[in-house]
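Residue numbers begin at 1 in each chain, while the letters A, B, ... track the order of the sequences.
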There are 2 protein chains.
Amino acid sequence: MNTKYQGFESPGVTVDLVLFTVNEDRLKVMLVRRAETPFQGIWSLPGGFLLENESLDSAAQRVLHEKTGVSEVYMEQLYTFGDPQRDPRSRVITVAYIALIPWQSLPQPESEKIADLNWSSVDALPKLAFDHKQILEYAVTRLRAKVSYSNIVYGLMPKQFRLSELQRMYETIIDDSLDKRNFRKRMLATGLLKETGKKDLAGAHRPAMLYQFKSKEIVFF
Amino acid sequence: MNTKYQGFESPGVTVDLVLFTVNEDRLKVMLVRRAETPFQGIWSLPGGFLLENESLDSAAQRVLHEKTGVSEVYMEQLYTFGDPQRDPRSRVITVAYIALIPWQSLPQPESEKIADLNWSSVDALPKLAFDHKQILEYAVTRLRAKVSYSNIVYGLMPKQFRLSELQRMYETIIDDSLDKRNFRKRMLATGLLKETGKKDLAGAHRPAMLYQFKSKEIVFF
DNA sequence: GATACTTAGTGTTCATATTACACTTAGTAT
DNA sequence: ATACTAAGTGTAATATGAACACTAAGTATC
């Protein structure tokens with residue numbers, strides 16, 4: 001028992017991940033079906049207990065890797081939730097993270113995992129365990145806000161893309177439509193994009209220039 | 001020992017407070033001198049361990065009340081710091097909060113406490129314990145950013161004030177000067193202020209209209 | 001009681017940024 | 001050859017933000 005705690009136990013500390021992607025023009029979030037009680041069989045955000053000698057960021061990275069096999073995605077701390085009743089068994093506080101991953105970067109899940117992993121559209125969520133609905137709503141709010149004053153969508157785009165795909169990404173996240181010419185002007189004016197020189201020849205129409213972000217940095221504008 | 005922790009101890013959880021005020025045209029932060037090891041005698045942010053059945057917000061409120069005797073100030077969660085080495089004794093993660101209090105609302109500290117409580121100007125800080133310098137810098141960055149797109153200064157102003165006082169508050173926090181006419185136009189345009197009808201007759205000059213915020217709400221613009 | 005002093009209070013012009021809006025281009029499919 | 005689809009482009013109107021200087025209403029002083 002920790003000497004700083006007299007007469008009560010030190011709270012457990014977990015890290016929970018709100019892992020976003022966009023697919024089929026929907027903003028989606030990864031859910032895992034809980035194998036154990038409490039909330040057995042109920043969908044929840046992927047998470048896990050903080051390990052010894054592990055920073056919060058590392059723990060979030062570890063959880064990400066365990067569930068997806070992927071590393072190196074955009075990630076930021078969201079908020080820490082610590083209501084005494086949020087876990088029915090014992091006191092647990094959780095540090096929530098937002099992570100973004102392009103759909104194209106996701107490996108196909110192994111068949112054994114398929115049943116208890118799910119990408120759920122954020123506007124059609126199942127019942128969630130603990131306070132995960134609240135966490136998720138907070139994450140969506142933050143993501144939507146941040147999209148409009150940063151290039152955070154970088155984390156959701158493939159390496160190369162058409163400007164129309166970038167625009168659709170914005171529209172999907174903020175759930176609103178944007179003017180094509182104004183969108184292009186603003187995006188190119190940020191100076192964060194560069195032409196690749198390649199063109200996307202797919203489809204029965206004029207081919208589009210492919211762009212990429214000049215750097216991995218997320219900047220505010 | 002928590003059953004979820006196999007072979008290692010659950011980390012301690014503390015709440016630390018970055019309590020801001022403005023006095024003598026300086027942005028100041030409350031520091032307390034540590035009575036115990038580690039960092040005995042070194043200045044630190046006021047904080048304390050999270051208690052059983054206490055939410056994070058309540059813990060922050062409690063710490064505030066313990067150190068100042070004040071409740072009901074503006075407060076928001078800042079960030080959670082969890083580097084494994086941040087406490088030299090044992091694993092402790094801390095949830096940092098920002099709090100704002102008008103200088104006028106502070107009770108005079110009792111003489112016995114004076115020696116180990118200090119309002120330090122943020123641009124002339126002493127050496128700080130733990131990672132508190134990092135926490136404080138992060139808090140200052142957040143406060144400065146938030147000032148420019150919200151009415152968060154509400155938390156630092158007395159009930160009634162002259163527009164010139166409000167302007168000086170902004171200038172002190174962002175450490176830059178503002179144009180008087182543009183400032184007044186913008187402030188009044190937010191619709192968040194109302195004239196009280198009273199005038200401040202102090203001083204050998206034309207008396208100023210006293211204003212107050214219409215509501216306690218912090219809104220973004 | 002005239003003059004000096006101090007802060008309050010007020011509008012306009014200019015530059016920049018944002019919005020609204022429609023047609024031509026370049027490819028594929030039939 | 002024609003139809004179809006998405007790519008790509010510019011301008012005018014409006015709104016926003018920035019720069020800027022004088023008059024007003026008190027008190028203090030002589």
Would you indicate, yes or no, if D/dA6 has its OP1 or OP2 atom less than 4.0 angstrom from a side-chain nitrogen or oxygen of A/Ser164?
no
Checking A/Arg168 side chain against A/Asp25 main chain: does a donor-acceptor pair fall under 3.5 Å?
no
Distance-only, no hydrogens or angles: does the B/Asn151 side chain make a donor-acceptor pair with backbone N or O of B/Val219 under 3.5 Å?
yes
Could you tell me how far apart A/His205 (NE2) and C/dT25 (P) are, to the nearest whole angstrom?
18 Å
Of all heavy-atom pairs linking B/Val70 and B/Ser105, the shortest is CG2-O, 4.0 Å
Hey, mind stepping through A/Tyr79 and A/Ile135 against side-chain contact (heavy atoms from CB on, under 4.5 Å) and telling me if it holds?
CA-CA 8 Å; A/Tyr79 198 81; A/Ile135 297 175; over 6 Å; no
Separation of C/dG9 atom P from B/Leu163 atom CG, nearest Å, is 7 Å
Which of these nucleotides, D/dA7, D/dT5, D/dG26, is closest to any side-chain atom of A/Arg162?
D/dA7
B/Phe221 has an atom CZ; how far is it from atom P of D/dG17, in whole Å?
11 Å
B/Met209 CE to D/dA24 P, straight-line distance once rounded to whole Å:
18 Å
Closest contact, heavy atoms only, B/Phe213 versus B/Leu166:
CZ-CD1, 4.3 Å
Among the nucleotides C/dA26, D/dA25, C/dA8, whichever has the atom closest to the side chain of B/Pro207 is D/dA25
State whether the side chain of A/Glu137 and the backbone N or O of A/Gln134 hold a donor-acceptor pair below 3.5 Å, judged by distance alone.
no
Just the rounded figure in Å: distance from P of D/dT5 to CG of A/Leu201.
19 Å
Assess the residue pair A/Asp57 and A/Ser55 against the criterion (side-chain hydrogen bond (donor to acceptor under 3.5 Å, both in side chains)); give the C-alpha distance rounded to whole Å, side-chain angles, the decisive distance to 0.1 Å, and a yes or no.
CA-CA 5 Å; A/Asp57 289 2; A/Ser55 72; 5.5 Å; no
Does anything in residues 176-192 of chain A come within less than 4.0 Å of DNA chain D? Heavy atoms only, and list the residues if so.
A/Lys180, A/Arg181, A/Arg184, A/Lys185
From CG of A/Leu210 across to P of D/dA7 the rounded distance in Å is 11 Å
B/Lys199 has an atom NZ; how far is it from atom C1' of C/dT6, in whole Å?
16 Å
C/dA8 C1' sits how many Å from B/Gln167 CD, rounded?
12 Å
Taking atom types as they are modelled, would you say the side chain of A/Arg206 forms a donor-acceptor pair with the base of C/dT25 within the 3.5 Å cutoff?
yes
